[in-house]
Amino acid sequence: MLLEMDGIDKAYGGVPALRGASFAVEAGEVHALIGQNGAGKSTLIKVLTGYTRRDAGQVRFRGQDFAPAGPQAAQAAGISTIYQEISLVGQRSITENICLGRETRRFGLLHWRRMHEEAAALLGRFGIQVDVRRTLASYPTAVQQMVAIARAIAFQAALVVMDEPTSSLSDAEVQVLFGVIRQLRAEGVAVVFVSHKLDELYAVCDRVTVLRDGRTVQVSQMDGLPKLELVATMLGRDLSSVARAGATAFGAKRGRHGAALLAVQDLRAGPRVQGVSLDVGQGEVVGVAGLLGAGRTETARALFGADVRDGGRVTLDGRDFAPQGPGDAIRAGIGLCTEDRKAEGIVPELSVRENLTLALLPRLARAGIVDETRQAAVVAQFIKQLDIRCAGAEQPVGQLSGGNQQKVLLARWLCTDPRLLILDEPTRGIDVGAKAEIQALIRALAASGLGVLMISSEIEEIVEGADHAYVLRDGRTVARLTDAGLSEHAVMDAMAHGAHAGLHAPMLDAHA
Amino acid sequence: MKALSLAGRYGVVVALALLVLFGAARYDYFLGAFNVLSFLRYNSMFALVSLGMAFVIMSGGIDLSVGAVAALGSVASALASGLGWAPGLLAGLGAGLLAGLLNGALVVRLRIAPFIATLATMLAASGCALLLADNQSVSASYEGSFTGLGQGDALGLPIPAWIALGAYAAGSVVLNLTGFGRTVLATGGGEDAARLMGLRVDRAKWAVYAASGALAGLAGTILAAQFGAGQPIEGVGWELFAIAAVVVGGTLLTGGEGSVGTTLAGALLLGLIFNILNFENGRGWISLSAYWQSVIRGLFLLVVVVMQAKLAGRPVPRDA
């Protein structure tokens with residue numbers, strides 16, 4: 001065994017995150033590490049990479065006791081980590097991002113030419129040709145991810161930990177990454193692969209370790225392991241109940257509920273939105289699918305008044321709607337939960353109470369002073385209603401799990417009593433259990449008469465969760481899918497082939 | 001984009017050259033040996049302080065204590081100057097280094113925001129200078145060769161100018177050709193990321209504050225040697241001059257990007273504005289008070305900061 005972790009305990013402020021967890025990786029294998037949020041994956045990785053210290057337990061790496069003092073020590077010992085959110089320095093060049101920490105020197109000074117060559121060669125192995133002297137931030141996310149991986153390899157790692165490396169990659173880029181992972185495996189490097197996407201695990205991993213509640217609950221070969229069993233183990237649920245519920249938790253569709261709420265015709269805004277048309281009725285969940293860069297998020301921002309609109313017509317309740325800013329949209333009864341919770345949504349240092357009532361503050365205030373009694377009542381109500389798991393209304397939101405952060409964001413908009421909720425990737429980065437809760441919540445909200453526009457990269461979420469769905473491609477609506485026409489195959493077909501594939505008659509009308 | 005960022009980077013060098021040409025064309029003795037040498041002698045102190053500030057800002061921090069530390073350094077070196085130039089120099093440098101290490105300790109160990117930490121050090125250093133000097137200037141010894149550090153010349157240039165040039169040459173090598181220099185930039189570009197990359201972020205932060213303190217102490221030593229006295233109340237506003245020079249020199253105030261060479265150009269540029277103002281007053285056409293120099297420097301700073309914001313504000317391509 002290359003790595004053996006046994007009986008690992010770790011508690012944060014008295015709350016156990018790991019309880020006797022074990023984890024073993026052989027050289028030259030790709031090992032999946034999965035579990036719900038709070039199962040202890042990140043803590044286990046942090047212990048392994050020296051970011052935190054274990055309270056108890058044994059770690060042996062390359063046959064020796066291993067207790068790194070910090071990320072640098074772990075790196076020196078041969079363990080490199082690629083974090084979920086790219087943790088490189090965007091302002092610096094690609095070369096620096098790859099080579100810093102193990103610079104090539106000549107006469108004691110940096111040998112830039114050699115370092116540039118080395119960086120270019122490493123990226124060349126993944127088929128990426130870029131100018132390594134330019135800043136990292138001038139390249140798209142996928143290249144940045146590859147740079148992170150190149151850095152890990154450059155450190156001659158024996159073990160590479162990848163924490164959700166695919167969350168910002170397109171399908172084609174994921175294939176490139178898988179190629180790299182297989183190449184590493186062939187070279188005898190072990191890869192620990194953390195992901196929420198089951199298909200990816202099956203595509204590239206040899207074995208899997210499942211964590212639940214800080215304990216290791218299953219270790220097995222991926223080959224021949226039924227997906228359903230894996231999900232059941234992760235959730236700690238009875239297999240038959242998972243099978244009955246299906247892969248997502250939207251439950252029964254209601255179909256079209258009420259009158260038209262939002263109608264968008266040929267919306268254009270910036271380079272990414274070049275003609276988007278869609279309708280949302282009251283009580284409907286309307287899906288928006290599309291590949292990365294198809295203009296989904298930009299459409300949401302334009303509808304919300306966050307970006308300037310270049311053209312097109314939007315009506316809300318049959319009346320022209322042209323918000324000059326998010327304030328107009330909020331007053332008109334629209335809420336937007338952004339894709340990037342950290343950057344645009346939650347304020348991590350602020351409490352659950354403050355985050356939850358941020359959009360409501362103008363209405364809670366009387367003569368500029370916040371009515372704290374009413375605020376407390378609203379907060380208590382939504383914590384209960386959405387089952388937000390927190391130590392209390394005053395706990396900083398940054399300490400909550402992803403799923404609970406998302407609930408706080410949802411509550412922020414729900415308490416303004418909106419009529420239309422735009423959800424951009426509502427379940428991204430959220431573990432399976434919390435995902436199911438959010439999905440059930442979305443369905444319940446629609447049932448209560450709310451219109452929901454749901455952007456999602458997960459096709460099954462669109463197919464199972466939406467009453468009807470639109471597919472965007474290169475900033476245009478290329479398909480409107482309803483009823484039986486709304487299938488995974490149809491969505492993918494439209495994503496891949498554009499207008500001729502799945503375009504239905506109503507769309508042609510919209511362009512006429 | 002490329003042209004703009006080049007302009008942002010080397011604009012200051014062009015502006016400096018234009019200003020020199022303007023001065024040379026307009027004033028008779030502008031390029032005379034007396035003006036050039038005294039300009040270099042005096043502005044070397046600001047250049048040294050600006051160099052330390054550049055490193056601190058590139059690391060994502062700020063050092064508000066440099067002016068007070070320079071004053072402390074001038075007093076310490078004046079007090080020790082009776083023992084010769086070397087003890088005087090060591091005393092000034094050492095006092096600055098200690099203050100810088102204190103900043104490092106506050107920022108790295110106690111995790112106090114640099115703005116607050118160095119503000120505290122500024123007050124403390126200023127108090128120490130006044131205490132040591134007994135609230136008056138301390139005359140430096142003329143017996144040894146201490147005053148030569150400020151007043152002497154070598155190979156046609158003032159000794160302070162040689163010291164500043166040496167410091168900038170060393171600074172340039174450190175920034176561009178050592179792992180430490182790149183770590184400073186990486187730290188300023190993203191401290192958490194730099195930590196996760198396994199870089200020695202804390203060491204880099206200690207070092208930039210220590211260097212900034214030492215350079216301020218060195219500037220104070222030159223001050224004492226040049227004017228023959230340690231000056232506990234000098235140095236007021238030096239930190240602002242240094243920050244302005246660094247920013248005018250194209251270093252991002254938010255850290256992560258910067259250059260040593262253009263910092264020197266920035267410091268010289270700001271000094272030159274004052275110099276030209278003096279000449280202009282000497283011609284008798286106008287009579288601008290010295291306060292105008294602050295206004296003009298302020299305008300310069302504003303222009304540069306607005307340009308930086310325009311450059312930084314450009315949308316970065318996302319998942320294209």
Side-chain angles (χ1 to χ4, degrees), chain A residues 49-51 68 70-76 80-83 85-93 95-112 115 134-144 148 151 155 168-170 173 270-272 291-294 297-298, chain B residues 1-2 4-6 8-9 57-60 108 113 169-204 250-259 308 311-320:
Chain A
T49 56
Y51 210 76
Q72 176 160 40
Q75 204 168 59
S80 281
T81 310
I82 295 152
Y83 296 89
E85 270 134 55
I86 292 167
S87 34
L88 296 174
V89 185
Q91 281 173 311
R92 307 313 312 161
S93 70
T95 299
E96 281 170 77
N97 275 295
I98 290 178
C99 297
L100 268 193
R102 46 166 296 286
E103 308 89 7
T104 314
R105 292 201 183 79
R106 185 174 52 174
F107 312 126
L109 298 176
L110 297 182
H111 194 345
W112 279 109
M115 281 164 41
R134 282 180 56 192
T135 58
L136 183 73
S138 60
Y139 289 100
T141 317
V143 173
Q144 299 189 17
R151 177 178 173 85
F155 276 80
S168 52
L169 301 186
S170 72
E173 290 156 355
R272 292 284 179 84
L291 295 171
L292 219 56
T297 297
E298 291 79 0
Chain B
M1 175 75 198
K2 190 150 193 181
L4 253 172
S5 97
L6 277 178
R9 184 142 197 205
I57 288 179
M58 281 187 268
S59 81
V108 176
S172 184
V173 168
V174 166
L175 183 66
N176 294 310
L177 294 176
T178 67
F180 165 75
R182 306 326 278 183
T183 301
V184 168
L185 287 170
T187 301
E191 188 171 329
D192 288 338
R195 272 185 213 285
L196 289 174
M197 285 165 76
L199 302 181
R200 295 187 182 174
V201 169
D202 285 346
R203 199 183 65 163
T251 295
L252 277 189
L253 202 44
T254 44
E257 242 174 279
S259 144
Q308 279 189 0
L311 287 174
R314 270 152 194 273
V316 174
R318 275 172 63 187
D319 37 44

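Below, chain A is the first sequence line, B the second, and so on; all start at residue 1.
Annotation: the span from L100(A) atom CG to R200(B) atom CZ amounts to 13.0 Å, rounded to 0.5 Å. To the nearest 0.5 Å, atoms CZ (R105(A)) and CG (L177(B)) are separated by 11.0 Å.
Among residues at least two apart or in separate chains, there is no salt bridge (charged side-chain N to carboxylate O under 4.0 Å, His left out) pair with a member in residues 134-143 of chain A.
With R182(B) contributing its side chain and C99(A) its backbone, the two residues share no donor-acceptor pair below 3.5 Å. In this structure, Q91(A) contributes its side chain and L185(B) its backbone to no donor-acceptor pair below 3.5 Å.
Of the atoms belonging to R102(A), not a single heavy atom falls under 4.5 Å from chain B. E96(A) touches chain B through backbone and side chain together, each having a heavy atom under 4.5 Å away. In this structure, chain A has a heavy atom under 4.5 Å from the side chain of V173(B), while its backbone stays farther away.
N97(A) is listed as a side-chain neighbour of M197(B), based on a closest heavy-atom distance under 4.5 Å.
Looking at every heavy atom in both residues, G198(B) comes nearest to Q72(A) through O-CD, 3.1 Å. Nearest approach of Y51(A) to L196(B), heavy atoms of both residues: CE1-CD2, 3.2 Å. Minimum interatomic distance between V89(A) and A186(B) (heavy atoms only, all atoms of both residues): CG2-O, 3.5 Å.
The candidate with the highest count of non-hydrogen atom pairs below 4.5 Å against chain B, out of R151(A), E103(A), Q75(A), is R151(A).
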